[in-house]
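A quick write-up on the structure given underneath.
One is the number of the first residue; the rest follow in order along the sequence. All values below were derived from every heavy atom in this structure, side-chain atoms included, with hydrogens, water molecules and symmetry-related copies excluded.
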Amino acid sequence: MPWVLEFTEADLDRPPSEPEKMAETVRAMFDGETPVRTKDVAAKLERNYGTVKTHLHRAARMGLLECVPRKGWLPVSSK
């Protein structure tokens, strides 16, 4: 089918989702070495710890973050 249009996420003009916002916050807080803790993200955003934790785990499932068990969150490096 030569006349099929394909769209990517970049083509869509939409606001970022909550997991995407959390991933961006983690990227901004990451110092290059130490994982960012959930409670630090919750404190920075002044939001509930449980809600932030849920969105961080969703961001990890989306491939935006990497979870280091009992340490915190690392941004996924773009290769």
Could you list the donor-acceptor pairs under 3.5 angstrom formed between side-chain atoms of residues 32-43 and any protein atom two or more places apart in sequence or on another chain?
from, atom 1, to, atom 2, distance (Å)
R37, NE, D40, OD2, 3.2
R37, NH2, D40, OD1, 3.3
T38, OG1, W73, NE1, 2.9

Members sharing L64's hydrophobic cluster (side chains within less than 4.5 Å) =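 In the cluster with L64 are M62.
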Check: residues 51-59 side-chain donor-acceptor pairs under 3.5 Å, at least two apart:
from, atom 1, to, atom 2, distance (Å)
T54, OG1, G50, O, 3.0

Residues 19-27 side chain polar contacts: donor-acceptor under 3.5 Å, at least two apart:
from, atom 1, to, atom 2, distance (Å)
E20, OE1, R14, NH1, 3.2
E20, OE1, S17, N, 2.8
E20, OE1, S17, OG, 3.3
E20, OE2, R14, NH2, 3.0
K21, NZ, E18, OE2, 3.2
E24, OE1, R27, NE, 3.4
E24, OE1, R27, NH2, 3.1
T25, OG1, K21, O, 3.0

